[in-house]
Participant: 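Would you mind keeping the following structure in view while I ask a few things?
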Amino acid sequence: MLEQPDKGEIWFDGEEVSLRRGKELASLRPKIQMIFQDSAGALNPRFSAAEIIAEPLEIQRRASGAELRRRVCELMEEVGLSPEWAKRRLLEFSGGQRQRLALARAIALQPSFLILDESLSKLDLITQAQILQLLSDLQSARGLTYLLICHDLTLVKRVADFVLVMHQGEIVERGTRQEVLNSPRHAHTRHLLSSVRDLESAFQDVQSGAGS
């Protein structure tokens, strides 16, 4: 509810939630977390890595003191960051490391649903492949569901089980990954597919290297 919807409904876990306020909304927030495209703009540059990860745990009163520090270290290790970097400021990390930091913060409250808003678009191919592998590992370990907002169908092909294609604010095609990407019906979907074919082989080569 960072933005109020002008119309329509928002359903989560079998319930319509767009009208929730106060305590009802507060109880929902830990279950749904978001990772933005620009981690440098979404995270507080004055905070250390430890403070960035610890903040949601402190707000929700999930941990404090030694237990909080232990949880922060565990989360850093889970996303592939050294706990020795806990005191570093945000701008001391690379783009890929910042997204790992944002991911650690997002999973701190043990959500069931993560919204990834163009979260990989600013990363180079090698880092994209590494983050994709991390997302896959976290999904298996934590039972997460992802909503990936993305214009790059090369990434969509590797992440999504179900695909919605939007054009000018409207859903123009929907279906399983195989249905939409292998047998596109709408002209906009076909245009998106044709624009990424040249990147496909390059991404495959990079992903193979990142997984080895």
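Reckoned from all heavy atoms, side chains included, excluding hydrogens, waters and symmetry mates. Heads up: numbering here begins at 1 and tracks the sequence.
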Participant: Are the side chains of D117 and I35 in touch, meaning some heavy atoms are under 4.5 Å apart?
Facilitator: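 SC-SC contact between D117 and I35 ruled out.
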
Participant: Would you check if V17 and I32 make a side-chain contact, meaning some heavy-atom pair closer than 4.5 Å?
Facilitator: no

Participant: State plainly whether one hydrophobic cluster holds both L181 and L164, where clusters connect Ile, Leu, Val, Met, Phe, Trp and Tyr through side-chain heavy atoms under 4.5 angstrom apart.
Facilitator: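 No, it is not one cluster - the side chains of L181 and L164 are not joined through contacts under 4.5 Å.
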
Participant: Determine, step by step, whether L114 and T145 satisfy the side-chain contact (heavy atoms from CB on, under 4.5 Å) criterion, reporting the C-alpha distance in whole Å, the side-chain angles of both residues, the deciding distance to 0.1 Å, and the verdict.
Facilitator: CA-CA 6 Å; L114 285 187; T145 296; over 6 Å; no

Participant: Which heavy-atom pair separates A40 from R98 by the least distance, and what is that distance?
Facilitator: CB-NH1, 3.6 Å

Participant: Under a 4.0 Å threshold between the charged nitrogen and the carboxylate oxygen, would E92 count as salt-bridged to K87?
Facilitator: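 A salt bridge is absent here (no side-chain N lies under 4.0 Å from a carboxylate O).
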
Participant: Do V163 and R174 have side chains that get closer than 4.5 Å, going by heavy atoms?
Facilitator: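 Heavy-atom side-chain distance check fails, nothing below 4.5 Å.
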
Participant: Quick one: are I107 and Q33 in side-chain contact, heavy atoms under 4.5 Å?
Facilitator: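 Side-chain contact under 4.5 Å: no.
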
Participant: Considering residues, nucleotides and ligands other than R61, do more than 12 of their heavy atoms fall under 6.0 Å from its CZ?
Facilitator: no

Participant: Is there a side-chain contact between L116 and L147 (heavy atoms, below 4.5 Å)?
Facilitator: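 No, too far: nothing below the 4.5 Å cut-off.
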
Participant: Considering all heavy atoms of both residues, which atom of G96 and which atom of T127 are nearest to each other, and what is their separation?
Facilitator: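 Looking at all heavy atoms of both residues, the closest pair is CA-CG2, 3.5 Å.
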
Participant: Of all the heavy-atom pairs spanning A104 and I53, show the shortest one and how long it is.
Facilitator: CB-CD1, 3.8 Å

Participant: When you check the side-chain N and O atoms of S121 and Q37, is any donor under 3.5 Å from an acceptor?
Facilitator: yes

Participant: Take S183 and Q178, measure what side-chain contact (heavy atoms from CB on, under 4.5 Å) needs, and give me the verdict at the end.
Facilitator: CA-CA 7 Å; S183 303; Q178 291 80 6; over 6 Å; no

Participant: So does E3 have more than 12 non-hydrogen atoms from other groups sitting under 6.0 Å from CD?
Facilitator: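 No, CD of E3 has 12 or fewer neighbouring heavy atoms, counting only those of other groups under 6.0 Å.
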
Participant: Measuring only between side-chain heavy atoms, which start at C-beta, is L43 closer than 4.5 Å to R105?
Facilitator: yes

Participant: Is the shortest distance from a Lys or Arg side-chain nitrogen in E67 or R71 to a carboxylate oxygen in the other one below 4.0 Å?
Facilitator: no

Participant: Within the 4.5 Å heavy-atom criterion, are S112 and F12 side-chain neighbours or not?
Facilitator: yes

Participant: Judged by atom type as modelled, is there a donor-acceptor pair below 3.5 Å linking the side chain of Y146 to the main-chain atoms of L135?
Facilitator: yes

Participant: Rounded to the nearest 0.5 Å, what's the gap from CZ on R69 to CD on E74? Could you check?
Facilitator: 13.5 Å

Participant: Identify the heavy atoms of P5 and S18 that sit nearest to each other, and give their distance.
Facilitator: CG-CB, 4.2 Å

Participant: Taking all atoms of both residues into account, what is the closest heavy-atom pair of L193 and P184, and its distance?
Facilitator: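 Here L193 and P184 meet closest at CD1-CG, 3.5 Å.
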
Participant: Establish whether I10 and I149 are linked, either directly or via other cluster members, by ILVMFWY side-chain heavy-atom contacts under 4.5 Å.
Facilitator: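 Yes: a chain of side-chain contacts under 4.5 Å links I10 to I149.
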
Participant: Say you draw a straight line from CZ of F47 to CG of L101; how long is it, rounded to the nearest 0.5 Å?
Facilitator: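 With rounding to 0.5 Å, CZ (F47) is 12.0 Å from CG (L101).
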
Participant: Shared ILVMFWY cluster between F162 and I171, side chains joined below 4.5 angstrom?
Facilitator: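 As far as the 4.5 Å side-chain criterion goes, I171 and F162 are connected within one cluster.
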
Participant: Membership question, hydrophobic clusters at under 4.5 Å side-chain separation (ILVMFWY): are V180 and V172 in the same one?
Facilitator: yes

Participant: Just verifying a value: how many Å separate L125 CG and Q130 CD, rounded to the nearest 0.5 Å?
Facilitator: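 Here the rounded value is 11.0 Å.
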
Participant: With rounding to the nearest 0.5 Å, note down the distance linking CG in L68 to CZ in R62.
Facilitator: 12.5 Å

Participant: Can you measure from CG (L192) to NE2 (H186) and round to the nearest 0.5 angstrom?
Facilitator: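 Atom-to-atom, L192:CG and H186:NE2 are 10.5 Å apart.
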
Participant: For T176 and D161: C-alpha separation, side-chain torsions, deciding distance, then whether side-chain contact (heavy atoms from CB on, under 4.5 Å) applies.
Facilitator: CA-CA 6 Å; T176 65; D161 297 310; over 6 Å; no

Participant: Does one side chain, of Q133 or D137, offer a donor that lies under 3.5 Å from an acceptor on the other?
Facilitator: yes

Participant: Is it the case that E173 and H188 place a side-chain donor and acceptor less than 3.5 Å from each other?
Facilitator: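 Their side chains do not contain a donor-acceptor pair, so the 3.5 Å distance test is not met.
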
Participant: For side-chain contact (heavy atoms from CB on, under 4.5 Å), just list the numbers for Q99 and S119, CA-CA rounded to whole Å, side-chain angles, deciding distance to a tenth of an Å, and then say yes or no.
Facilitator: CA-CA 8 Å; Q99 286 301 62; S119 303; 3.6 Å; yes

Participant: Is R89 reaching over with its side chain to a backbone N or O of R46, donor-acceptor style, under 3.5 angstrom?
Facilitator: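 Yes: the side chain of R89 pairs with the backbone of R46.
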
Participant: Can a salt bridge be assigned to the pair E179 and R185 using a cut-off of 4.0 Å between side-chain N and carboxylate O?
Facilitator: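 Looking at R185 together with E179, the answer is no, because their closest N to O distance does not fall below 4.0 Å.
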
Participant: Can you hop from L25 to F113 via hydrophobic side chains spaced under 4.5 Å?
Facilitator: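 L25 clusters together with F113.
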
Participant: Rounded at 0.5 Å granularity, tell me how far CD in Q97 sits from OG in S39.
Facilitator: 10.5 Å

Participant: Taking the side chain as C-beta and beyond, is there a heavy-atom pair between M76 and E84 under 4.5 Å?
Facilitator: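 Sidechains of E84 and M76: no contact.
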
Participant: How close do P56 and A108 get, counting heavy atoms only, and between which atoms?
Facilitator: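 Where P56 meets A108 most closely, the heavy atoms are CG-CB, 4.3 Å.
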
